[in-house]
Student: 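Encoded as structure tokens, here's the structure I'll be asking about.
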Amino acid sequence: MSIKLVAAAAVSVLSLVAPAMAQDSSLAAREIMNGSYSRAEQKLLTQLRSDARPEVQLNLAAVYYATGRAEQARSLYEQVLQKDDVQMTVTTDRTAGSHAIAQAGLRYLSQRQHIASR
């Protein structure tokens with residue numbers, strides 16, 4: 001199963017947890033890339049109520065991380081890992097599984113937490 005997505009590579013720090021973009025505006029990637037996190041969160045939460053697709057959860061995790069809610073982001077990454085792995089197009093020439101993206105997000109959060117605790 002392949003889901004057509006394009007990851008936002010605008011912010012290098014969030015490159016592993018960048019928002020997924022699709023033709024479906026409910027994924028809120030444009031709002032995330034523009035820093036409109038509140039609008040993105042509202043769209044994603046609405047979408048999540050009816051469809052908990054991994055790309056919705058991964059984008060919401062990116063919003064949570066960007067707004068200082070690392071534990072909520074961690075929870076979403078863990079939820080994605082409980083589902084089937086779905087291949088996603090993350091750039092025009094690169095694909096990755098939803099599990100790989102979630103694992104990268106968890107590693108990134110752990111690294112940031114480790115650095116902050118020094």
Side-chain angles (χ1 to χ4, degrees):
M1 176 181 204
S2 177
I3 298 174
K4 287 288 188 182
L5 305 170
V6 179
V11 183
S12 62
V13 184
L14 294 176
S15 63
L16 294 176
V17 292
M21 185 184 299
Q23 312 227 341
D24 182 356
S25 65
S26 67
L27 295 178
R30 184 168 290 117
E31 287 84 359
I32 295 169
M33 291 186 313
N34 291 332
S36 300
Y37 299 120
S38 179
R39 287 186 60 185
E41 183 175 355
Q42 288 176 12
K43 282 186 173 186
L44 291 165
L45 288 172
T46 298
Q47 181 67 22
L48 195 61
R49 285 186 202 102
S50 63
D51 186 3
R53 293 179 293 166
E55 61 270 29
V56 175
Q57 291 176 298
L58 292 169
N59 280 1
L60 188 55
V63 168
Y64 287 159
Y65 173 77
T67 57
R69 295 177 280 174
E71 287 309 309
Q72 288 175 283
R74 183 179 313 281
S75 176
L76 284 170
Y77 289 133
E78 290 169 353
Q79 289 175 38
V80 169
L81 292 173
Q82 298 303 312
K83 297 180 176 190
D84 290 338
D85 192 21
V86 178
Q87 286 298 309
M88 300 181 182
T89 302
V90 294
T91 65
T92 56
D93 61 348
R94 186 174 148 240
T95 62
S98 57
H99 286 188
I101 296 168
Q103 289 167 342
L106 287 169
R107 279 192 307 275
Y108 184 78
L109 288 173
S110 292
Q111 290 170 351
R112 299 302 301 164
Q113 184 177 22
H114 179 71
I115 291 170
S117 67
R118 288 184 181 179

Student: Considering only residues two or more places apart or on different chains, which pairs with a residue in residues 60-74 satisfy salt bridge (charged side-chain N to carboxylate O under 4.0 Å, His left out)?
Tutor: Glu41-Arg69, Glu71-Arg74
Student: I need the minimum non-hydrogen distance between Ala40 and Val63, along with the two atoms involved.
Tutor: CB-CG2, 4.0 Å
Student: So do the side chains of Asn34 and Arg39 get within less than 4.5 Å of each other, counting heavy atoms only?
Tutor: no
Student: For the atom pair OH (Tyr77) and CG (Leu60), what is the distance rounded to the nearest 0.5 Å?
Tutor: 10.0 Å
Student: Would you please name every residue forming a salt bridge (Lys or Arg N to Asp or Glu O under 4.0 Å) with Asp51, sequence neighbours left out?
Tutor: Arg53
Student: Could you name each residue pair satisfying salt bridge (charged side-chain N to carboxylate O under 4.0 Å, His left out) that touches residues 78-90, not counting sequence neighbours?
Tutor: none
Student: Taking Ser98 for its side chain and Val86 for its backbone only, find out whether a donor-acceptor pair lies under 3.5 Å.
Tutor: yes
Student: Just wondering, do Ile32 and Leu44 contact through their side chains at under 4.5 Å, heavy atoms?
Tutor: yes
Student: Just verifying a value: how many Å separate Gln57 CD and Gln47 CD, rounded to the nearest 0.5 Å?
Tutor: 11.0 Å
Student: Carefully, step by step, assess Leu106 and Leu81 under the rule side-chain contact (heavy atoms from CB on, under 4.5 Å).
Tutor: CA-CA 10 Å; Leu106 287 169; Leu81 292 173; 3.6 Å; yes
